[in-house]
2 protein chains.
Amino acid sequence: MNPETPSSAERMPTIRDIAELAGVATSTVSRALSNPQRVNARTREKIERIASELHYVPSTQARGLSSGRTGVIAVLVPDITNPFYFDIIRGTQYQLKASGYTQLLVDTEEATDVELDTLRKLRRSTDGVLLAASRLTDQQLSDAASRQPLVTINRATAEAPTVLIDTPGAVVQALEHLASFGHRSVVYAGGPTSSWSNHRRWKAIEEAAAKRGMSATRLGPYAPTALSGAAAADATLGAGATAVIAFNDLLAIGMLGRFRERGVRVPEDISIVGCDDIFGADFCNPPLTTISSPIEQAGRVAVSMLMAQLDPIRGGTPRKLAVMPTHLKIRASTGPARA
Amino acid sequence: MNPETPSSAERMPTIRDIAELAGVATSTVSRALSNPQRVNARTREKIERIASELHYVPSTQARGLSSGRTGVIAVLVPDITNPFYFDIIRGTQYQLKASGYTQLLVDTEEATDVELDTLRKLRRSTDGVLLAASRLTDQQLSDAASRQPLVTINRATAEAPTVLIDTPGAVVQALEHLASFGHRSVVYAGGPTSSWSNHRRWKAIEEAAAKRGMSATRLGPYAPTALSGAAAADATLGAGATAVIAFNDLLAIGMLGRFRERGVRVPEDISIVGCDDIFGADFCNPPLTTISSPIEQAGRVAVSMLMAQLDPIRGGTPRKLAVMPTHLKIRASTGPARA
DNA sequence: CAACTTTTGGCAATCGCTTGCCGCCTGTTG
DNA sequence: CAACAGGCGGCAAGCGATTGCCAAAAGTTG
């Protein structure tokens with residue numbers, strides 16, 4: 001069966017090799033290695049010694065096959081190249097490693113069907129899934145959650161534990177900030193229609209604006225990339241706005257570039273507020289006023305919620321919802337409204 | 001054995017279920033699904049129909065165990081949060097998916113021992129490894145290459161196929177560019193000592209500078225992060241340089257910030273050239289003149305070289321070395337030397 | 001139509017590890 | 001000293017696929 005491994009390499013040691021050398025049964029080796037307190041200390045030490053001498057590495061395949069656990073957690077993000085997810089990925093990577101899991105990163109390409117398909121395939125080969133900014137419908141999401149342990153990030157569901165970033169909270173701050181600069185109306189450069197947080201942000205803006213007598217206009221949808229920034233910038237200019245809040249920093253940075261191209265000064269002619277405080281928001285020109293949140297921590301929290309779900313005993317009370325705090329980071333892209 | 005899966009979920013279908021429904025043996029199902037031309041068309045269609053009705057998903061675990069192939073390729077990068085690797089990751093992700101492989105992303109934390117340890121563990125559970133900017137010694141690297149299919153990126157080895165980015169080539173361009181602006185000496189803000197490309201870049205600079213009668217000074221080592229930029233900037237100022245080439249853009253961007261803090265104007269007081277042309281290099285302030293290369297493509301090429309290694313028959317001539325072209329992207333961070 | 005080659009599908013042995021169940025050997029207890 | 005409880009280790013049955021080997025069926029050929 002096992003064909004000669006491409007890269008030569010002598011056969012890797014198995015628990016059987018260890019068992020033979022130690023003069024015990026394979027079951028004892030297995031237990032010594034993955035259930036230490038189940039075997040006598042002397043036996044265990046001997047087995048451990050032999051195992052390390054042989055450079056033994058357990059086969060995750062075999063282990064998974066017989067135990068039903070894979071030790072793998074998948075992290076699904078809509079777009080690997082979006083720096084926002086970098087921070088999430090970093091957080092999950094870190095925390096998963098600490099919990100002894102391996103991270104499987106998948107880019108779902110902002111596509112619902114890729115996401116759905118991936119989820120289905122992963123059901124077999126992972127112990128759980130972290131779903132960042134899912135593009136699924138509520139129905140699809142709850143189906144998925146019923147089939148496999150799941151935690152969502154930036155997407156609320158009743159069925160699965162969720163980590164939310166309290167952007168709406170900070171939106172209020174952003175509006176106050178803008179109002180204090182004399183802005184009376186604000187434009188929202190919207191993100192993808194299928195994005196749940198896009199709706200959420202717009203709702204928050206609309207509501208907060210109404211509450212303080214400002215007017216709010218929604219533009220878009222725009223793809224959440226720097227490239228789409230040009231279109232968003234032009235539309236914003238067309239709307240005659242003095243202040244704009246962008247769906248995310250990527251879009252905002254793109255808009256910044258377009259404004260510069262067109263000779264529109266920021267913040268003198270127009271103020272712009274981003275969202276996420278990604279890598280780059282602090283050194284673009286001008287540095288972006290944005291809604292900042294502990295994204296990396298969100299990733300870590302999501303992992304711990306998933307761990308709790310996987311092991312309800314040790315995991316303690318499985319929290320169903322975590323909301324990460326946000327705050328407005330004021331930099332140089334916002335200023336007084338022009339008269 | 002198989003304990004009740006945490007998230008309820010009825011047992012997943014296996015080839016056995018399909019075999020029963022189709023009235024054939026499991027071996028036939030297996031063949032129909034993974035070796036289609038081996039079974040009669042009618043039988044195959046029937047099996048495929050049943051499989052899809054059952055929402056059958058093969059167990060990668062079981063498949064891997066018996067076939068010896070896992071369908072997983074690991075990608076090791078020193079630091080997930082470095083945008084340079086984003087592009088590589090994106091390239092590998094894309095190409096691996098196209099080749100039917102799953103990408104396992106691992107952050108080795110710029111640490112040799114983590115890298116070594118990961119490599120060892122991965123030997124069992126992956127079909128091959130893509131090693132970006134390895135921190136291993138030549139010896140360790142050749143050991144690793146002899147044990148598992150491997151392709152290195154940005155690190156030359158005799159033992160494994162390699163994808164190199166021709167930074168030295170562009171360094172010459174950078175020096176010419178600087179010389180044309182009247183710069184007579186240049187400082188190199190160096191990267192990590194264990195980085196092979198760091199040595200390579202310095203050598204190229206030293207040599208190219210000598211050839212055109214410029215003087216070159218090396219500073220550092222600095223961690224390849226924006227944070228270390230401050231120290232690098234101060235040292236550069238201390239060295240009285242008029243032009244500096246940074247190990248990478250991250251460092252360069254950090255230096256930009258520090259220069260601004262200290263009231264040093266770029267490029268009037270000092271010119272700075274980065275390396276990699278990462279996300280952000282085009283919109284920082286001022287936009288960074290940098291050495292640009294098709295990083296994402298490097299990732300794709302690396303994957304195809306690995307594929308060729310895994311399947312020498314279909315793979316064609318296994319190229320041992322690919323060099324990605326580079327060019328100097330001139331933006332606003334370089335200008336005439338101050339008199 | 002016999003002899004022979006292909007196709008096609010089944011049998012059963014793995015792959016490496018986990019785990020339920022059982023029995024032996026101690027040490028403890030009444 | 002008999003009875004019993006635990007600790008410790010072994011047996012063997014899987015987990016879900018793949019695949020070498022073989023035989024039956026179907027197709028070819030002279």
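Convention: sequence-line order gives letters A, B, ...; per-chain numbering from 1. Excluded from the calculations below are hydrogen atoms, water molecules and symmetry mates; all remaining heavy atoms, backbone and side chain alike, are included. As the structure is a computational prediction, the values presented were derived from the model and not from experiment.
- A:Arg124 and B:Pro58 get closest at one heavy-atom pair: CG-O, 3.8 Å.
- A:Ser59 comes within 4.0 angstrom of sugar-phosphate atoms only, judged by non-hydrogen atoms across all strands, and of no base.
- Using a 4.0 Å heavy-atom distance criterion, A:Ser27 is classed as a base contact.
- Here B:Arg69 reaches the OP1 or OP2 of D:dT19: one of its side-chain N or O atoms lies under 4.0 Å away.
- Shortest non-hydrogen contact noted between A:Met305 and A:Val151 is C-CG2, 4.1 Å.
- Rounding to whole angstrom units, CZ of residue A:Arg44 and P of D:dC8 are separated by 10 Å.
- One atom, CG of A:Leu65, and another, P of D:dA13, lie 17 Å apart when rounded to the nearest Å.
- Among the nucleotides C:dG9, D:dG10, C:dT18, the one closest to the side chain of B:Thr28 is C:dG9.
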Are A:Arg90 and A:Glu296 close enough, and set up right, to give a salt bridge (Lys or Arg N to Asp or Glu O under 4.0 Å), and what steps lead you there? CA-CA 6 Å; A:Arg90 176 189 217 176; A:Glu296 184 179 334; 3.8 Å; yes
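- Residues meeting the salt bridge (charged side-chain N to carboxylate O under 4.0 Å, His left out) test with A:Arg38, sequence neighbours left out: none.
- Between A:Arg63 atom CZ and D:dC15 atom C1' the separation is 14 Å, expressed in whole Å.
- Using a 4.0 Å cut-off between charged nitrogen and carboxylate oxygen, B:Asp117 and B:Lys121 count as a salt-bridge pair.
- Of the candidate nucleotides C:dG16, D:dA17, D:dG10, D:dG10 has the atom lying nearest to any side-chain atom of A:Ala25.
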When you compare the protein's N or O atoms with those of nucleotides 21-27 of chain C, which come within less than 3.5 Å of each other, and at what distance?
none

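- Dashed line: the shortest gap from a side-chain N or O of A:Ser67 to OP1 or OP2 of C:dC17 is not under 4.0 Å.
- Backbone-only contact: B:Thr43 has heavy atoms under 4.0 Å from sugar-phosphate atoms and none from a base.
- Taking atom CG of A:Leu54 as the reference point, atom P of C:dC17 lies 11 Å away to the nearest angstrom.
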Could you please spell out the steps behind the side chain to side chain contact (heavy atoms under 4.5 Å, CB included) verdict for B:Val303 and B:Ile73? CA-CA 9 Å; B:Val303 170; B:Ile73 299 289; over 6 Å; no
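- Rounded to an integer number of Å, the gap from CZ of B:Arg16 to P of C:dG10 is 15 Å.
- With rounding to whole Å, B:Ile15 atom CD1 is found 13 Å from C:dC11 atom P.
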CA sep, side-chain torsions, deciding dist, call: B:Lys97, A:Glu109, salt bridge (Lys or Arg N to Asp or Glu O under 4.0 Å): CA-CA 12 Å; B:Lys97 185 181 274 187; A:Glu109 303 165 18; 3.1 Å; yes
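- Inspection of the A:Thr162 and A:Thr152 side chains reveals an N or O donor paired with an N or O acceptor under 3.5 Å.
- Contact annotation: B:Ser66 does not reach the phosphate of D:dG16 (side-chain N/O to OP1 or OP2, under 4.0 Å).
- Nucleic acid contact class of A:Arg42 (heavy atoms, under 4.0 Å, all strands): none.
- Protein atom CG of A:Leu33 is 16 Å distant from nucleotide atom P of C:dG16, rounded to whole Å.
- Straight-line distance from the CG atom of B:Asp17 to the C1' atom of D:dA17: 13 Å, rounded to whole Å.
- Residue whose closest nucleotide on DNA chain D sits further toward the 5' end, between A:Gly23 and B:Thr14: A:Gly23.
- Overall bending of the helix from C:dC1-D:dG30 to C:dG30-D:dC1, expressed as the angle between end axes built from five pairs apiece, is 30° (10° steps).
- Looking only at atom types and distance, the side chain of B:Thr92 has a donor-acceptor partner in the side chain of B:Gln103 under 3.5 Å away.
- Taking 4.0 angstrom as the limit, B:Asn40 places none of its side-chain polar atoms (N or O) nearer than this to OP1 or OP2 of C:dT7.
- Between the side chains of A:Thr118 and A:Glu115, no donor N or O sits under 3.5 Å from an acceptor N or O.
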